[in-house]
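Just below is one structure, and these are the notes that go with it.
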Number of protein chains: 2
Amino acid sequence: MDDGQPPEPQNERPRTRIQRRNTRAILDAALEVFSREGFRGATLDMIAQAAGLSKPNLLYYFSSKEAIHGELLSELMDTWLDPLRELDPAGEPAEEILAYVRRKLEMSRDMPRESRLFANEIIQGAPRMMEAIEGELKTLVDEKAAVIRGWIEAGRIADVDPYHLIFSIWALTQHYADFDVQVRAVLGPGHDPFPEAESFLEMLYTRLLNR
Amino acid sequence: MDDGQPPEPQNERPRTRIQRRNTRAILDAALEVFSREGFRGATLDMIAQAAGLSKPNLLYYFSSKEAIHGELLSELMDTWLDPLRELDPAGEPAEEILAYVRRKLEMSRDMPRESRLFANEIIQGAPRMMEAIEGELKTLVDEKAAVIRGWIEAGRIADVDPYHLIFSIWALTQHYADFDVQVRAVLGPGHDPFPEAESFLEMLYTRLLNR
DNA sequence: CTATTGTTTGACCAAATGGTCAGGATGACG
DNA sequence: CGTCATCCTGACCATTTGGTCAAACAATAG
């Protein structure tokens, strides 16, 4: 017995195998397209083609272009903050921060599209994400900045601004995802930047924090 | 006596006062829009409105949307590389690199739209800039990386990968332009990030390079 | 003033775009 | 097999978009 409402399967967890498969295909295709073209630059036709589905079929699973984009962004917010959440106040300070850097660099290597989706959103002024940034993200950063400040006051790492320390980690690691084509073009073909980047960043943060 | 060709004033230097004024207005408006929305996301109507001109009037001065974007990009390439060009092989190594960092940070503060235009282009895979990146940009970076390597081999600064050193400067400085809204959201309102950023980066590169 | 050149616009066009809908195809399940 | 819910599509629609054009409107040189 249907109450007349369309299914809108994206609101609840997908129920059938087909739903799960197609929802995934759509979100994956949308990630590809949105991360490259931005929200306005992406079209439903591009996404449909990348997903191997027809445009009306997309709109059977998601109510609108906005809905697809929104779903991607909220999925992203979670995974995006995970590496920082793991920063352990009880750990060894310099090692905790270096481990965070390594986790973020891995994300740049393994999830470059997500990184670019995020970058696109921020560059545009975060019109669809401001709330999460002023809320969830700021709260987490404030908390971890306080942890780092504690380490500094205990004399366990050098005195640096904790906020700009975190910004620097974001900037340096995400650069290898967002500016990937530039990095590779400059280094020349067949040159994997990531191993070098890891040792460079390790050296950088070791020298910055020690003493 | 006209040969039948439209004027296309953008090819040569603007001749009349009106041309100069309107070309400037268009490029300024286009910078605003393209840097926010990306190439595909920007529309001629947005640009026309921001410039205070009608859409057909835009197309009197520029032959197409592509032409406006292209003009912006080639203007950009010049100014973008200037700070690195100024890196003086005859200068004091650490001071030269710090001065480069400062120049780039100033550009992020004073030309954030240009920075975002560039970021947008790279994130999209540099479809309209690959040539300049593999040519002009790579050549300049190779040259300056060699200079830095010389300084390292002379024992005048610490041993770091010159390429990743340059990438790090790009990443850290451009972050304050491209991710401006995020930085400000995290730091809270009425908080200018740039003075702090400058001393943070000075400390970072001093510690990285000394010894 | 007048002719010429430079500037602007309203009206228009074809293609692209986000979205709808009725009906048909394809499961799942007893 | 039949039935019901899920899944899919071609045709369609209104709006947006990049771009054209003829005609109107300045600016200015002679």
Side-chain angles (χ1 to χ4, degrees), chain A residues 1-27 29-30 33-34 36-72 127-128, chain B residues 1-27 29-30 33-34 36-72 127-128:
Chain A
M1 217 38 118
D2 196 327
D3 62 356
Q5 289 297 106
E8 302 206 13
Q10 79 276 19
N11 283 332
E12 310 86 33
R13 286 292 82 202
R15 265 179 284 265
T16 77
R17 236 168 303 147
I18 297 177
Q19 267 177 46
R20 199 183 315 274
R21 171 168 51 83
N22 285 349
T23 315
R24 260 296 119 210
I26 292 169
L27 288 175
V33 178
F34 280 131
R36 188 163 16 91
E37 308 286 351
F39 180 75
R40 281 200 43 110
T43 75
L44 288 178
D45 285 295
M46 291 180 191
I47 299 172
Q49 197 181 355
L53 298 172
S54 69
K55 186 170 60 169
N57 206 3
L58 287 201
L59 294 161
Y60 171 73
Y61 289 101
F62 289 90
S63 59
S64 68
K65 187 183 172 184
E66 285 265 356
I68 303 178
H69 192 250
E71 176 66 21
L72 278 179
R128 303 153 210 277
Chain B
M1 216 40 117
D2 196 327
D3 60 356
Q5 287 299 106
E8 301 206 13
Q10 80 276 18
N11 283 332
E12 311 85 34
R13 286 290 81 202
R15 267 179 283 265
T16 77
R17 236 169 302 147
I18 296 177
Q19 269 177 45
R20 199 183 315 275
R21 171 169 50 82
N22 285 348
T23 316
R24 260 296 119 209
I26 292 168
L27 289 174
V33 177
F34 280 132
R36 188 163 17 91
E37 307 286 352
F39 179 76
R40 280 198 44 104
T43 75
L44 288 178
D45 286 295
M46 292 179 190
I47 298 172
Q49 196 182 354
L53 298 173
S54 69
K55 186 171 58 167
N57 207 0
L58 287 201
L59 293 161
Y60 171 74
Y61 290 100
F62 290 89
S63 58
S64 67
K65 186 183 172 184
E66 287 265 359
I68 304 178
H69 192 250
E71 177 66 21
L72 279 178
R128 302 153 212 276

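- Between the P atom of dT20(D) and the OH atom of Tyr61(B) lies a distance of 17 Å, rounded to the nearest Å.
- As judged by a 4.0 angstrom heavy-atom cut-off over every strand, Arg40(B) is placed among residues touching the sugar-phosphate backbone only.
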Without placing hydrogens or testing angles, list every side-chain donor-acceptor pair under 3.5 Å for residues 41-58 of chain A, not counting sequence neighbours.
| residue | atom | partner | partner atom | Å |
| --- | --- | --- | --- | --- |
| Thr43(A) | OG1 | Asp45(A) | N | 3.4 |
| Thr43(A) | OG1 | Met46(A) | N | 3.0 |
| Ser54(A) | OG | Asn57(A) | N | 3.3 |

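- For the pair Tyr60(B)/Asn22(B), no side-chain contact is recorded, criterion being any heavy-atom separation below 4.5 Å from C-beta on.
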Provide a list of protein-nucleic acid N or O atom pairs under 3.5 angstrom, restricted to nucleotides 22-30 of chain D.
none

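- The salt bridge (Lys or Arg N to Asp or Glu O under 4.0 Å) search around Arg21(A) returns none, not counting sequence neighbours.
- For the pair Glu66(B) CD and dT17(D) P, the computed distance is 17 Å after rounding to whole Å.
- Rounding to whole angstrom units, CZ of residue Phe62(B) and P of dT20(D) are separated by 15 Å.
- Distance from the side chain of Asn22(A) is smallest for dC8(D) among the nucleotides dG19(C), dC8(D), dC7(D).
- At a threshold of 4.5 Å between non-hydrogen side-chain atoms, the residues Ile18(A) and Tyr61(A) count as touching.
- Every residue meeting the salt bridge (Lys or Arg N to Asp or Glu O under 4.0 Å) condition with Arg24(A), not counting sequence neighbours, appears here in chain and number order: Glu75(A).
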Worked check of side-chain contact (heavy atoms from CB on, under 4.5 Å) between Phe62(A) and His69(A): CA-CA 10 Å; Phe62(A) 289 90; His69(A) 192 250; over 6 Å; no
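- In this structure, the side-chain hydrogen bond (donor to acceptor under 3.5 Å, both in side chains) partners of Arg128(A), at least two apart in sequence or on a different chain, are Glu66(A).
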For nucleotides 9-15 of chain D, which of its nitrogen or oxygen atoms have a protein nitrogen or oxygen under 3.5 Å away, and what is each distance?
| residue | atom | partner | partner atom | Å |
| --- | --- | --- | --- | --- |
| dT9(D) | OP2 | Ser54(A) | OG | 3.1 |

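- For residues 44-52 of chain A, proximity to DNA chain C is found at Leu44(A), defined as any non-hydrogen atom under 4.0 angstrom from a strand atom.
- Put simply, CD on Gln19(B) is 15 Å from P on dT5(C), counting in whole angstrom units.
- Side-chain nitrogen and oxygen atoms of Thr16(A) include none within less than 4.0 Å of the OP1 or OP2 phosphate oxygen of dG27(C).
- As a whole-Å value, the separation of Arg20(A) CZ from dC7(D) P is 12 Å.
- The side chain of Leu59(B) lies closest to dG19(D) when the candidates are dT20(C), dT17(C), dG19(D).
- Protein atom CZ of Phe39(B) is 12 Å distant from nucleotide atom C1' of dT17(D), rounded to whole Å.
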